[in-house]
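Because the structure is a prediction, the values reported are computed rather than measured.
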Amino acid sequence: MQKIIFKLEIGGIFFILILSVFMQNLYLLVNRELIGVLFGSVNDSIWETAKTLILPYALWGIIELLCIRLPFKRFVTAKVIALYYLGISYIILNLMFALLGMENDFLISFTSAIFCITTSLFLSYRLIFSNLKLENIFLPAFFMLMLLVAFYFSFTPFPPKMYIFKDRVTSLYGIIPKNIDAGAIVLDTMYYV
């Protein structure tokens with residue numbers, strides 16, 4: 001059983017990365033339709049990129065649960081803990097890189113995504129087979145999962161005015177207007193207007 005789950009976790013790395021790349025381009029692929037707003041990345045903020053990692057991780061957890069008969073409460077609790085670890089660690093890593101001035105580098109963003117995905121899948125694997133009584137915290141974990149779903153769908157159209165929600169290219173929040181004057185944004189950035 002452990003070997004099968006370990007192989008599934010390795011497969012999850014590739015599944016999550018491929019689906020994340022697709023989701024980062026979904027908004028433009030569907031011509032800015034609602035499906036792209038809900039499931040895609042509408043700007044280049046840290047949150048929108050993290051959002052494209054969170055949903056594939058949750059989908060992979062559902063696929064794993066359907067493939068292998070594991071104790072439901074234990075599995076869900078372990079996956080929710082690892083899901084929060086994935087989101088928080090990815091946001092913190094990107095904030096650290098932003099402080100160092102390396103925020104728009106694709107290679108750094110991709111490497112941090114791989115690191116966070118791999119460590120979160122390893123964490124869930126270890127939690128599933130640990131001696132901890134995860135079944136006892138199933139209800140709080142389920143509540144935290146529902147809270148994350150609420151964040152997932154509400155922070156795109158109504159983002160808080162925080163750095164992790166700010167587009168790294170235009171410095172705007174939320175859904176970027178279709179006919180935006182990019183030249184004015186560049187001049188505002190250059191002259192701090």
Side-chain angles (χ1 to χ4, degrees), residues 1-26 35 38-41 45-98 106-156 160 162 164-165:
M1 177 75 77
Q2 283 186 327
K3 288 182 182 180
I4 295 171
I5 293 177
F6 185 76
K7 289 178 183 177
L8 280 173
E9 300 290 40
I10 297 295
I13 296 169
F14 300 106
F15 176 84
I16 295 167
L17 282 175
I18 291 168
L19 198 56
S20 174
V21 170
F22 172 74
M23 288 176 60
Q24 288 176 8
N25 297 306
L26 179 65
I35 191 95
L38 292 176
F39 300 110
S41 177
S45 67
I46 295 172
W47 166 254
E48 290 294 320
T49 309
K51 193 173 93 165
T52 64
L53 297 174
I54 291 170
L55 182 65
Y57 188 91
L59 287 175
W60 186 252
I62 292 169
I63 291 170
E64 284 180 314
L65 192 59
L66 293 174
C67 290
I68 297 179
R69 307 252 325 143
L70 288 168
F72 179 77
K73 290 182 179 181
R74 181 175 198 75
F75 182 81
V76 170
T77 304
K79 285 295 181 181
V80 169
I81 292 169
L83 184 62
Y84 266 88
Y85 168 80
L86 170 67
I88 292 169
S89 64
Y90 184 77
I91 289 170
I92 289 173
L93 267 177
N94 278 285
L95 285 173
M96 288 177 18
F97 289 134
F106 171 76
L107 184 62
I108 290 175
S109 180
F110 188 70
T111 306
S112 64
I114 291 174
F115 173 76
C116 292
I117 291 167
T118 305
T119 54
S120 66
L121 287 169
F122 178 73
L123 175 64
S124 70
Y125 174 78
R126 296 292 295 179
L127 285 172
I128 290 168
F129 296 108
S130 71
N131 292 329
L132 300 172
K133 297 197 181 286
L134 296 177
E135 300 85 6
N136 295 341
I137 58 170
F138 171 73
L139 288 177
F142 186 74
F143 172 77
M144 294 300 289
L145 181 62
M146 293 301 109
L147 184 65
L148 187 62
V149 169
F151 289 161
Y152 186 91
F153 289 114
S154 64
F155 281 162
T156 295
M162 296 170 57
I164 64 169
F165 300 100

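- Residues forming a ring pair (Phe, Tyr, Trp, His ring centres under 6.0 Å) with Phe75 (at least two apart in sequence, or on another chain): none.
- The distance from atom OG1 of Thr118 to atom CG of Leu86, rounded to the nearest 0.5 Å, is 10.0 Å.
- Contact of the Ile117 side chain with the Leu121 side chain is registered, since non-hydrogen atoms from C-beta on lie closer than 4.5 Å.
- Within the structure, every pair that satisfies the side chain to side chain donor-acceptor pair (under 3.5 Å) test and touches residues 75-89, not counting sequence neighbours, is listed here: Glu9-Lys79, Glu64-Lys79, Lys79-Ser124, Tyr85-Thr119.
- Remark: Ser45 pairs with Asn43 by the side-chain hydrogen bond (donor to acceptor under 3.5 Å, both in side chains) rule, at least two apart or across chains.
- Applying the side chain to side chain contact (heavy atoms under 4.5 Å, CB included) test to Phe153 and every residue at least two apart in sequence or in another chain returns Leu38, Phe39, Val149.
- Legend: salt bridge (charged side-chain N to carboxylate O under 4.0 Å, His left out) pairs involving residues 88-97, not counting sequence neighbours: none detected.
- For the ring pair (Phe, Tyr, Trp, His ring centres under 6.0 Å) test, residues two or more places apart in sequence or in another chain that qualify with Phe6 are Tyr125.
- Residues Trp47 and Phe151 come closest through the heavy atom pair CZ2-O, 3.7 Å.
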Side chains of residues 12-24: which donor-acceptor pairs under 3.5 Å do they make with residues two or more places apart or in other chains?
| unit_1 | atom_1 | unit_2 | atom_2 | d |
| --- | --- | --- | --- | --- |
| Ser20 | OG | Thr52 | O | 3.4 |
| Ser20 | OG | Thr52 | OG1 | 3.2 |
| Gln24 | NE2 | Thr52 | OG1 | 3.4 |

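- From Leu123, atom CG reaches atom CD1 of Ile128 across 9.5 Å, with rounding to the nearest 0.5 Å.
- For the pair Ala50 and Tyr90, the tightest heavy-atom approach, listed with the atom from each and the gap, is CB-CD2, 3.7 Å.
- For residues 143-156, the set of pairs meeting the side chain to side chain donor-acceptor pair (under 3.5 Å) definition, not counting sequence neighbours, comprises Glu48-Thr156, Lys51-Thr156.
- Partners of Phe115 under the ring pair (Phe, Tyr, Trp, His ring centres under 6.0 Å) rule, at least two apart in sequence or in another chain, do not exist in this structure.
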Item to check | Chi angles and distances behind the side-chain contact (heavy atoms from CB on, under 4.5 Å) call for Asn94, Thr49 | outcome: CA-CA 10 Å; Asn94 278 285; Thr49 309; over 6 Å; no
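- Considering all non-hydrogen atoms of both residues, Ala82 and Tyr57 come closest at CB-OH, 3.1 Å.
- Contact between Leu93 and Ser112 at its shortest, heavy atoms only, is CD1-CB, 3.9 Å.
- Residue pairs meeting the salt bridge (charged side-chain N to carboxylate O under 4.0 Å, His left out) criterion with at least one partner in residues 109-126, sequence neighbours excluded, are absent.
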Can you give me every donor-acceptor pair (side chain of residues 129-148, partner residue at least two apart or in another chain, under 3.5 Å) with its distance?
| unit_1 | atom_1 | unit_2 | atom_2 | d |
| --- | --- | --- | --- | --- |
| Ser130 | OG | Leu127 | O | 2.9 |
| Ser130 | OG | Leu132 | N | 3.3 |
| Glu135 | OE2 | Arg74 | NH1 | 3.2 |

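- Across Ala113 and Leu53, no two heavy atoms sit closer than the pair CB-CD1, 4.1 Å.
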